[in-house]
Amino acid sequence: MVLEHVSLYDFEAAAERILPPASWDFIAGGARDEATVRRNRLAFDAVALRPRYLRDVTRRDLTTTLLGSEVSMPIFVSPGCMQWLAHPEGELATVRGAGAARTLMIVPAETRAPIADIAAAATGPIWFQLDHGDRGRSADLVAAAEEAGCLAVCVSTGAPFAAGNERNRRHAFSVFGGQPAEDVRTFGFTWDELDWLRGQTQLPIVLKGINTADGAHLAVESGAAGIIVSTDGGRLVDTTLSAFESLPEVVKAVGGQIEVYVDSGVRRGSDVLKALALGARAVGIGRPFYWGLAAGGADGVARVLELLRAEFDIAIAFCGQTSVRALEPNLVRVPAGWGPVA
Ligand SMILES: Cc1cc2nc3c(=O)[nH]c(=O)nc-3n(C[C@H](O)[C@H](O)[C@H](O)COP(=O)(O)O)c2cc1C
């Protein structure tokens with residue numbers, strides 16, 4: 001059944017058929033008019049590949065490292081809450097799917113299974129995503145994650161308040177035990193709290209949702225090990241730039257000092273190549289792994305990742321490249337007005 005899906009969009013259609021409307025809308029939705037959700041896609045389509053032919057591309061190496069961990073490709077699973085809405089096995093299925101594809105999963109803060117069980121089911125690297133609020137709770141969560149074998153802490157920075165997903169309100173769907181989402185102040189993370197967090201753990205800290213040069217400078221100064229440029233898939237603030245458009249600014253500001261990744265809108269292997277060509281070390285997927293989960297549990301997640309891998313492999317071959325760690329410059333053309341490209 002799962003095998004007949006030929007692109008991520010087939011998984012999307014299957015997930016929409018399978019899931020109850022409230023769960024589907026929770027996963028698919030974005031903030032307000034969902035302009036950023038659309039812009040995340042449009043930005044990838046607006047960047048053009050510049051293929052190079054007549055090269056020997058029979059051998060291609062897609063492997064890379066993420067903070068030192070070897071992965072089979074520069075594509076990872078971004079953190080996503082409430083994965084059990086898509087499949088009863090939730091994060092346990094996702095971690096098996098990511099492991100089968102030999103890549104990283106970022107485990108969300110709120111999981112049904114204990115972090116130790118998720119880690120025990122992992123065959124690839126895992127990081128832990130923290131929604132920081134109360135210091136005591138964060139210290140406990142991070143200690144448990146470190147103990148379980150998570151290799152980094154990813155802090156989601158972009159959500160001082162819960163987002164305005166109006167689809168959820170129409171279904172009276174709440175992530176927060178019945179409270180209207182916009183009344184909930186979720187995370188109290190600030191630059192000062194980052195200093196505190198650094199004192200709590202030996203693990204490297206990755207900041208998710210840093211999309212500007214000034215934020216990137218602060219991240220480097222604060223000792224962060226990586227940045228995920230992200231709009232949370234357009235789920236937080238509407239009418240922002242897409243994450244992909246923000247990538248060159250962050251890459252330039254960071255100047256190679258720490259790793260930069262991007263998520264939000266990645267649906268095609270060519271998107272992966274475009275992101276790498278603009279300086280990302282790897283890309284994350286959010287909604288597509290939920291679609292895989294809904295369609296086929298762990299196998300579905302693995303299949304989504306394998307489809308993206310196959311497309312990415314073809315894209316690098318068409319562009320005359322043989323190693324993701326040594327891509328040549330000028331593989332893409334960005335639209336005028338995108339600002340400086342590193
Ligand atoms: C249903 C859902 C739940 C999410 N929950 C979280 C979360 O708890 N923490 C977080 O940092 N990001 C969360 N995200 C955002 C993802 O990590 C990621 O940034 C985003 O989905 C990427 O965009 P894409 O869905 O277009 O691939 C969530 C995304 C979805 C779709």
Side-chain angles (χ1 to χ4, degrees), residues 8-9 11-12 15-16 19 22-31 34-45 75-87 90-91 94 98 104-112 127-133 141 152-160 162-163 165 167-168 171 173-176 181 184 186-187 189 205-211 227-237 240 242-244 246-247 261-268 271-272 275 280 282-294 301 304-305 308:
L8 268 51
Y9 295 113
F11 278 93
E12 180 178 29
E16 186 170 11
L19 293 174
S23 300
W24 166 255
D25 276 333
F26 171 68
I27 293 163
E34 302 182 347
T36 300
V37 177
R38 290 188 294 279
R39 190 164 176 149
N40 281 334
R41 270 306 313 150
L42 292 170
F44 279 109
D45 288 343
I75 303 168
F76 61 87
V77 174
S78 285
C81 61
M82 302 179 80
Q83 296 183 23
W84 59 87
L85 289 176
H87 190 276
E91 304 85 16
T94 308
L104 167 77
M105 173 185 176
I106 307 182
V107 179
E110 305 287 347
T111 57
R112 279 239 168 122
W127 297 353
F128 177 70
Q129 180 251 318
L130 177 72
D131 288 338
H132 177 68
L141 287 171
V153 177
C154 165
V155 185
S156 297
T157 60
N165 179 333
R167 300 197 204 198
N168 291 346
H171 289 293
F173 178 96
S174 175
V175 191
F176 306 100
V184 179
T186 47
F187 325 129
F189 200 73
I205 295 172
V206 174
L207 299 178
K208 176 166 181 275
I210 301 288
N211 298 349
I227 289 173
I228 306 178
V229 180
S230 175
T231 62
D232 268 43
R235 298 171 69 83
L236 297 180
V237 189
T240 64
S242 67
F244 187 41
S246 305
L247 176 69
Y261 324 100
V262 65
D263 76 11
S264 301
V266 173
R267 301 292 181 268
R268 288 288 185 188
D271 301 338
V272 184
V283 305
I285 54 167
R287 292 180 186 84
F289 86 76
Y290 284 89
W291 305 336
L293 261 185
V301 173
V304 159
L305 289 164
L308 260 188

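Both counts, for ligands and for their atoms, begin at 1 and track the order of listing.
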Distance filter under 4.0 Å to Ile27 heavy atoms, resulting ligand 1 atoms: 1 (C), 31 (C)

Nearest neighbour of atom 28 (C) of ligand 1 from the list Ala86, Pro79, Gly286, on a heavy-atom basis: Pro79

Parallel, tilted or perpendicular: ring planes of Phe189 versus His132, cut at 30 and 60 degrees: perpendicular

Any Ile106 side-chain heavy atom under 4.5 Å of Tyr261 side chain: no

Test of proximity, Gly80 against ligand 1: N or O pairs below 3.5 Å: no

Pair Thr111-Glu91, side-chain donor/acceptor within less than 3.5 Å: no

Ring geometry between Phe244 and Phe44 (parallel below 30°, tilted from 30 to 60°, perpendicular above 60°): parallel

Numbered atoms of ligand 1 (with element) below 4.0 Å of Lys208, judged on heavy atoms: 10 (C), 11 (O), 12 (N), 15 (C), 16 (C), 17 (O), 18 (C), 19 (O)

Backbone or side-chain N or O of Asp131 under 3.5 Å from ligand 1 N or O: no

Donor-acceptor side-chain pairing of Thr231 and Asn40 below 3.5 angstrom: yes

Protein heavy-atom partner closest to atom 5 (N) of ligand 1 - residue, atom, separation in Å: Cys81 N, 3.1 Å

Minimal non-hydrogen separation, Phe26 against Cys81, with atom names: CZ-SG, 3.8 Å

Closest to atom 1 (C) of ligand 1 (judged by heavy-atom distance), picking from Arg235, Met82, Gln83: Arg235

Per atom 2 (C) of ligand 1, closest listed option by heavy atom (Phe289, Trp291, Tyr290): Tyr290

Heavy-atom side-chain proximity of Arg268 to Tyr9 below 4.5 angstrom: yes

Closest protein heavy atom (residue, atom, distance) for atom 11 (O) of ligand 1: Ser156 OG, 2.4 Å

Inter-residue atom distance Ser156.OG - Asp232.CG, 0.5 Å rounding: 6.0 Å

Spacing of Phe76 atom CZ and Asp263 atom CG [to the nearest 0.5 Å]: 6.0 Å

Proximity flag Pro288 to ligand 1, non-hydrogen atoms under 4.0 Å: yes

Which of the ligand 1 atoms, numbered from 1, are nearer than 4.0 Å to a heavy atom of Ser230: 19 (O)

Atoms of ligand 1, numbered as shown, that sit under 4.0 Å from any heavy atom of Phe26: 1 (C)

The one among Glu110, Arg287, Gln129 that brings a heavy atom closest to atom 25 (O) of ligand 1: Arg287

Nearest-contact summary for atom 18 (C) of ligand 1 - protein heavy atom, Å: Asp263 OD2, 3.1 Å

Ligand-side contact atoms (ligand 1) for residue partner Gly265, heavy atom cut-off under 4.0 Å: 23 (O), 24 (P), 26 (O), 27 (O)

Asp232 touching ligand 1 at heavy-atom level, < 4.0 angstrom: yes

Distance (rounded to the nearest 0.5 Å) between Asp271 CG and Ile285 CD1: 11.5 Å

